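Everything below concerns the one structure shown next.
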Amino acid sequence: MTKQYWLVKSEPEAYSWADLVTEKETDWTGVRNYQARLHLNAMRKGDRVFFYESVSTKAVVGISEVTETATEDKTADKLGWVSVKLKAVKALSQPVTLARVKEEESLANVALIRQSRLSVMPLSKDEFTHIVNLGKKGA
DNA sequence: GCCAACGTTGGC
DNA sequence: GCCAACGTTGGC
């Protein structure tokens, strides 16, 4: 299967990109939204996942990779919720802020903007590449 | 099954 | 800290 691209959100006060870098790998638990769960279930090993920090940072800060597909989320009090395993790949040279994403006409349709409360969302390859480029030094 | 009330998320 | 948007719950 061809590689897919995603974005997950986290409040850095709860779990930050720096935390993932320190841990190297983590179980992405705590998703309690049906739409987000659909996306978690669709993730495949090797898919690239943007790490977006909400609230205080409001920027895409790093790239991670799916290392294990969805399994039962053991932190949930009911069965049926899932988590995936993510590992840190690399930080963006410069964070791509929400404001920056909003400036880009070709990124106007990303769920990050259109559905601000969704915490796990898909991105097209073009959208992913575009944001990666914005995150390069001097972009 | 509808809708009001409420809680949560997240931008500003 | 405020508020809009959204999801969930519960009464009818």
Side-chain angles (χ1 to χ4, degrees):
Chain A
M1 190 187 261
T2 61
K3 205 175 272 191
Q4 303 172 102
Y5 301 90
W6 310 93
L7 181 149
V8 296
K9 280 189 195 171
S10 182
E11 295 190 24
E13 289 72 23
Y15 192 86
S16 69
W17 168 253
D19 292 331
L20 181 59
V21 170
T22 304
E23 274 194 85
K24 297 196 170 56
E25 190 171 47
T26 193
D27 287 315
W28 201 257
T29 56
V31 172
R32 301 289 181 270
N33 170 282
Y34 292 107
Q35 212 183 339
R37 186 175 73 182
L38 285 176
H39 298 317
L40 283 184
N41 276 319
M43 287 184 184
R44 292 296 169 255
K45 256 188 202 180
D47 285 358
R48 293 287 155 142
V49 184
F50 275 137
F51 194 108
Y52 176 86
E53 292 185 345
S54 65
V55 190
S56 53
T57 312
K58 280 172 294 185
V60 179
V61 292
I63 300 170
S64 63
E65 179 182 320
V66 178
T67 53
E68 265 182 46
T69 55
T71 54
E72 195 68 36
D73 181 348
K74 291 174 193 69
T75 69
D77 49 11
K78 281 185 188 166
L79 287 177
W81 295 111
V82 298
S83 64
V84 297
K85 202 166 269 191
L86 297 180
K87 76 167 183 197
V89 174
K90 67 170 190 173
L92 298 179
S93 299
Q94 56 180 9
V96 178
T97 64
L98 182 63
R100 188 75 184 86
V101 171
K102 282 183 172 173
E103 283 173 12
E104 296 293 311
E105 211 165 313
S106 61
L107 295 174
N109 284 322
V110 297
L112 186 65
I113 294 168
R114 304 193 66 179
Q115 245 183 307
S116 65
R117 292 186 54 186
L118 187 60
S119 61
V120 182
M121 65 193 74
L123 291 174
S124 72
K125 183 175 185 168
D126 285 349
E127 289 163 348
F128 186 89
T129 306
H130 192 152
I131 293 174
V132 168
N133 287 333
L134 291 177
K136 286 180 179 162
K137 258 202 172 66

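Reminder, nothing fancy here: chain letters follow the sequence lines and each chain counts from 1. Not measured: the values here are computed from a predicted model.
Side-chain heavy atoms closer than 4.5 Å link hydrophobic residues (I, L, V, M, F, W, Y) into clusters, and following such links, even through other members, never connects A:Val61 to A:Leu112.
A 4.0 Å heavy-atom criterion places the boundary nucleotides of DNA chain B facing chain A at B:dG7 to B:dC12, written 5' to 3'.
For the salt bridge (Lys or Arg N to Asp or Glu O under 4.0 Å) test, residues two or more places apart in sequence or in another chain that qualify with A:Glu68 are A:Lys85.
No option in A:Leu107, A:Ile131, A:Val132 other than A:Ile131 meets the side chain to side chain contact (heavy atoms under 4.5 Å, CB included) test with A:Val96.
Using a 4.0 Å heavy-atom cutoff across all strands shown, A:Lys9 reaches sugar-phosphate atoms only and no base atom.
Residues A:Ser119 and A:Arg32 have side chains that never bring a donor and an acceptor to within less than 3.5 angstrom of each other.
From A:Tyr52, atom OH reaches atom OG1 of A:Thr57 across 8.5 Å, with rounding to the nearest 0.5 Å.
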